[in-house]
There are 2 protein chains.
Amino acid sequence: MRSARVGAARLKARNQVTRIGRTNEGPLRATARNEILCGDCVASMERLAQESVDLVFADPPYNLQLANRLHRPDQSLVDAVDNDWDKFANFAAYDAFTRDWLAQARRVMKPSATIFVIGSYHNIFRVGAIMQDLGFWILNDIVWRKNNPMPNFRGRRFTNAHETMIWAARDQSAKNYTFNYEALKAANEDCQMRSDWLLPICGGTERLKDGAGRKTHPTQKPEALLARVILAASSPGDLVLDPFFGTGTTGAVAKRLGRDWLGIERDGDYRAAARARIAAIEPLPNETIATAPSKRTEPRIAFASLVEAGLIAPGATLVDARRRHRAVVRADGALSLSGFVGSIHKTGALAQGLPACNGWTFWHYEEKGALAPIDDLRAEARERLKVAAE
Amino acid sequence: MRSARVGAARLKARNQVTRIGRTNEGPLRATARNEILCGDCVASMERLAQESVDLVFADPPYNLQLANRLHRPDQSLVDAVDNDWDKFANFAAYDAFTRDWLAQARRVMKPSATIFVIGSYHNIFRVGAIMQDLGFWILNDIVWRKNNPMPNFRGRRFTNAHETMIWAARDQSAKNYTFNYEALKAANEDCQMRSDWLLPICGGTERLKDGAGRKTHPTQKPEALLARVILAASSPGDLVLDPFFGTGTTGAVAKRLGRDWLGIERDGDYRAAARARIAAIEPLPNETIATAPSKRTEPRIAFASLVEAGLIAPGATLVDARRRHRAVVRADGALSLSGFVGSIHKTGALAQGLPACNGWTFWHYEEKGALAPIDDLRAEARERLKVAAE
DNA sequence: TGCTTTATTGAATCGTTGC
DNA sequence: TGCAACGATTCAATAAAGC
């Protein structure tokens, strides 16, 4: 079951939606959800409400410049990307296109939203520079390392074994962007997730193919890549926009992970493939996708309230883990440390001679001869609050 | 001894040099070698002869924009890069600077030369876009993955665990650039070298420090990184230009690998450190660095990574278990056995007159008088890289 | 001397809340 | 709006110190 808070927010957002068709006609009062908009992504985004999406994933044309056809050593032809949508007259044309869609993406992003743009060396430098020029604030560049890349058949370069994603906030001042740091760390052997991700390319049964066995889309991204992006930078119920939807990997993964999604795609074949694909997706049970509470999102508790609640008595003695320092709890929730009176943090800092200190983990109380951090008392107080709220 | 052909070419180049001082005064008829030019890199490069260098390695200022001081969880202060040389008023100023030095670098590059530029997400996108605008033809972007990066202390982003190098030819038509494909392949388990390189950051005894233990330069690059760049994209006797010479890693590695070098540096302290450092470098014997035969060779195994990691030194002697055969370790990870150059397997087979051989168990190194198979070193290397093995 | 423990450090665009 | 307080946060390698 979706949590009550998230469910309510999502329902509210749903009710604000003005249902629209699949064409570009008419204005939008709010932003659609869980649909594929037909048409050019700039025109489509222009009609979306500003500050309405929580996350953008964009896989724009790479502007590959393959002058000639490429043959493998056995003389077979490499099925290169030569679609019309990847053709631009020159860098200036590509830059203008890039500026247009990025500006619109930025407009529809909530202040707390972030954007991922994936590309290769053909286009990612232009994309990144334009993002900076538009005011995006880059948080990381992320390297998708492919464990099974296509080799360089001519032996004239290094194997092009990675693609680059730029992760950016809407602007420098946006400090409250969604980043599920703890969840990613837990998923990575309790080490913080690095900027290089090793993932296989999209193949096997995941790769969409037509009746004749031809791949439906030349650059279909692996769902594992989108899963990490969406888990890292959104919450259940959030709206994920993909302006270059293709065959809908973003929508499929978003639906599975309990996020809403919105795709924009010009090509009818891609839209049809995406629609069928997403319809077959079964969302995961809510308990598997609910974001774990992080310390940052827990309600703040004043140390004084622990004293008021009787969890710690005025006059009690607190010590650090090694019993080197002693402080006495005052009735007003401050501590007294050899004549100095201050907060648990200030006294902890003073005791250690440091500029700052987290008093919750520094100070301990004695219970049955053993020491426990006063953070345990805070957890107890939060537990009581939670019970009282129900 | 250097080979006759290479030696002659080098001598000829030397004779063309007009000796210059360390100031920016006066024109240059040709390009100096094995010196550090004092001054601004744009002005200095303007005085170099056009089409005179074979390889450029550039580590320009990254334009970091640090808003505040950063403390570790233990409250210690992070020693961030806040040098004046990394300060620019805005993106436009950084772009203008970048355009200027890149244009000069391109002018002095031979048609067959390539350039490596290293940067982070702060600057690399602007650098890459400007390179494309100036006509450079990007061959690869290469990711330097750090196995020991600084963590993200606030838990607000992914660990910034890599830097990016752009490798480019002077223009699209330059097809004859130097790329030692076979040597790199032999050094990488007989697999093509990928675009992601795992290397430790510069530390330990390699890191230059002043008398008080402070690092001489805040961003000294590891020699292993430069070694792979120089081995990949130059030949013995070639001239390697570094317009942001710093403490001279490029010069040190170039000299060791039998390349000529030219550095440009504004800071007198950096220049002095670089000069002393390079003077202490002993070039490797020629047989360890001569370009390997270009014909496709039998399968080889990743012996080069042991050399890069310092587990076995270039020039070291390997013997078989009964000390009947001796081979010398080359800097590119191949072995030299009485004039024949090949992989550890090929040389082992040749020594025994057998069609094939497992070099890992055939060849031994000497440690404290005892012999041990180089397979032990491979195990050690694997242990070190366990983090990255995934 | 050798092993264990502790301290230091590296290109970093690294908060939020309430008065 | 600015300022001060709260309080959350680290991985690997190297070097130094302790035993």
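Chain letters run A, B, ... following the sequence lines, proteins first and then strands; every chain starts at 1. Here the structure is a predicted model, which is why all the values come from computation and not from measurement.
Nucleic acid contact class of A:Ser343 (heavy atoms, under 4.0 Å, all strands): sugar-phosphate only. Using a 4.0 Å heavy-atom distance criterion, B:Ser120 is classed as making no nucleic acid contact. Note on B:Pro149: a base of the nucleic acid sits closer than 4.0 angstrom, heavy atoms only. Among the heavy atoms of the strands, none lies under 4.0 Å from B:Ile124. Base contact: B:Pro60 has a heavy atom under 4.0 Å from a base atom. Residue A:Leu139 is out of contact with every strand shown, counting any heavy-atom pair closer than 4.0 Å. The residue A:Glu298 sits apart from the nucleic acid: no heavy atom pair falls under 4.0 Å.
Ring pair A:Trp167/A:Tyr177: centre-to-centre distance below 6.0 Å. Ring centroid separation for the pair B:Phe88 and B:Phe97 comes in under the 6.0 Å cut-off. In this structure, B:Phe158 has its ring center under 6.0 Å from that of A:Phe179.
For a distance-only test at 3.5 Å, the side chain of A:Lys346 fails to qualify as a donor-acceptor partner of the base of D:dA4. Put simply, the side chain of B:Arg72 and the base of C:dG10 share a donor and an acceptor less than 3.5 Å apart. Within 3.5 Å, a donor on the side chain of B:Asp59 pairs with an acceptor on the base of C:dA11, or the reverse.
Of the N and O atoms on the side chains of A:Ser343 and A:His345, not one donor lies less than 3.5 Å from an acceptor on the other residue. Side chains of B:His217 and B:Thr219: a donor-acceptor N/O pair is present below 3.5 angstrom, by distance only. Between the side chains of B:Ser120 and B:Glu163, no donor-acceptor pair is found at a separation under 3.5 Å. Looking only at atom types and distance, the side chain of B:Thr216 has no donor-acceptor partner in the side chain of B:Arg207 under 3.5 Å away.
One finds the CG atom of B:Leu198 at 5.0 Å from the CG atom of B:Asn147 (value rounded to the nearest 0.5 Å). Rounding to the nearest 0.5 Å places CH2 of A:Trp363 at 7.0 Å from NE2 of A:His325.
Judged by a 6.0 Å distance limit and a 45° cone about the ring axis, B:Lys146 is positioned over the six-membered ring of B:Trp144. Seen from the ring of A:Phe136, A:Arg106 counts as a face-on cation partner, given the 6.0 Å and 45° thresholds. Cation-pi contact between A:Arg170 and A:Trp137: absent, since separation from the ring centre below 6.0 Å together with deviation from the ring axis within 45° is not met.
Separating the CG atom of A:Asp375 from the P atom of D:dG7 is a distance of 10 Å, rounded to the nearest angstrom. Distance CZ (A:Phe303) to P (D:dA5): 18 Å, rounded to an integer number of Å. Residue A:Gln352 contributes atom CD, which lies 16 Å from atom P of D:dG7 at whole-angstrom precision. Atom CH2 of A:Trp360 is separated from atom P of D:dA8 by 9 Å (rounded to the nearest Å). The separation between A:Gln192 atom CD and D:dT9 atom C1' is 9 Å, rounded to whole Å. Note: CZ (A:Phe362) to C1' (D:dT9) measures 18 Å, nearest angstrom. Look at CD1 on B:Ile118: it is 11 Å from P on C:dA11, rounded to the nearest Å. Remark: C1' of C:dT9 and CD of B:Gln75 are 16 Å apart, rounded to the nearest angstrom.
The residue among B:Asp74 and A:Cys357 whose nearest nucleotide of DNA chain D is located toward the 5' end is A:Cys357.
Annotation: D:dT10 and C:dA7 have their C1' atoms spaced 14 Å apart (nearest Å). C:dG18 and C:dC14 have their P atoms separated by 23 Å, with the value rounded to a whole Å. Taking the C1' atom of each, C:dT1 and D:dA17 are spaced 15 Å apart, rounded to whole Å. To the nearest whole angstrom, the two C1' atoms, one in D:dA15 and one in C:dA11, are 23 Å apart.
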Could you walk me through whether A:Arg322 and A:Asp320 pass salt bridge (Lys or Arg N to Asp or Glu O under 4.0 Å), step by step?
CA-CA 5 Å; A:Arg322 295 186 182 179; A:Asp320 69 298; over 6 Å; no
How far apart are the C-alpha atoms of A:Thr114 and A:Leu139, what are their side-chain angles, what is the distance that settles it, and do they pass the side chain to side chain contact (heavy atoms under 4.5 Å, CB included) test?
CA-CA 9 Å; A:Thr114 59; A:Leu139 300 168; 4.0 Å; yes
Run A:Tyr181 and B:Asn152 through side chain to side chain contact (heavy atoms under 4.5 Å, CB included) and show every step you take.
CA-CA 11 Å; A:Tyr181 173 78; B:Asn152 184 287; 5.6 Å; no
Can you check side chain to side chain contact (heavy atoms under 4.5 Å, CB included) on A:Gln352 and A:Phe362, steps first, answer last?
CA-CA 10 Å; A:Gln352 299 175 90; A:Phe362 178 75; 3.4 Å; yes
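Looking only at side-chain heavy atoms (C-beta outward), A:Ser112 and A:Asn176 come within less than 4.5 Å of each other. Under the 4.5 Å side-chain criterion, counting only non-hydrogen atoms from C-beta, B:Pro149 is not in contact with B:Ile201.
Contact between B:Ile118 and B:Asn123 at its shortest, heavy atoms only, is O-ND2, 4.5 Å.
For DNA chain C, the neighbouring residues in residues 201-216 of chain B, judged by any heavy atom under 4.0 Å, are B:Arg207, B:Lys215. Contacts with DNA chain C (heavy atom under 4.0 Å) in residues 84-92 of chain B: B:Trp85, B:Asp86, listed by number. Remark: nothing in residues 318-340 of chain A comes within less than 4.0 Å of DNA chain C through any heavy atom.
Distances shorter than 4.0 Å separate none of the side-chain N or O atoms of B:Asn148 from OP1 or OP2 on D:dC11. In this model, the phosphate group of D:dC6 is not approached by any side-chain N or O of A:His345 to a distance below 4.0 Å at OP1 or OP2.
Counting only Watson-Crick and G-U wobble pairs whose two key distances fall under 3.5 Å, DNA chain C forms stems of three or more stacked pairs at C:2-10 with D:11-19, C:15-19 with D:2-6.
In the set C:dG10, C:dA11, D:dT10, D:dT10 carries the atom at the smallest distance from any side-chain atom of A:Lys185. Nearest to the side chain of B:Ser76, among D:dT9, C:dT9, C:dA11, sits C:dT9. Closest contact between the side chain of A:Arg378 and the listed nucleotides D:dG7, D:dT9, C:dA11 involves D:dG7.
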Every protein N/O within reach of nucleotides 16-19 of chain D N/O, cut-off under 3.5 Å:
none

Along nucleotides 14-19 of chain C, 5' to 3', which nucleotides get a B, which get an S, and which get a -, given that the test is a protein heavy-atom distance under 4.0 Å?
BSBS--
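In this structure a side-chain-to-backbone donor-acceptor pair under 3.5 Å is missing from B:Asn83 to B:Trp85.
Put simply, the residue from A:Thr164, A:Asn140, A:Asp141 that forms a side chain to side chain donor-acceptor pair (under 3.5 Å) with B:His162 is A:Asp141.
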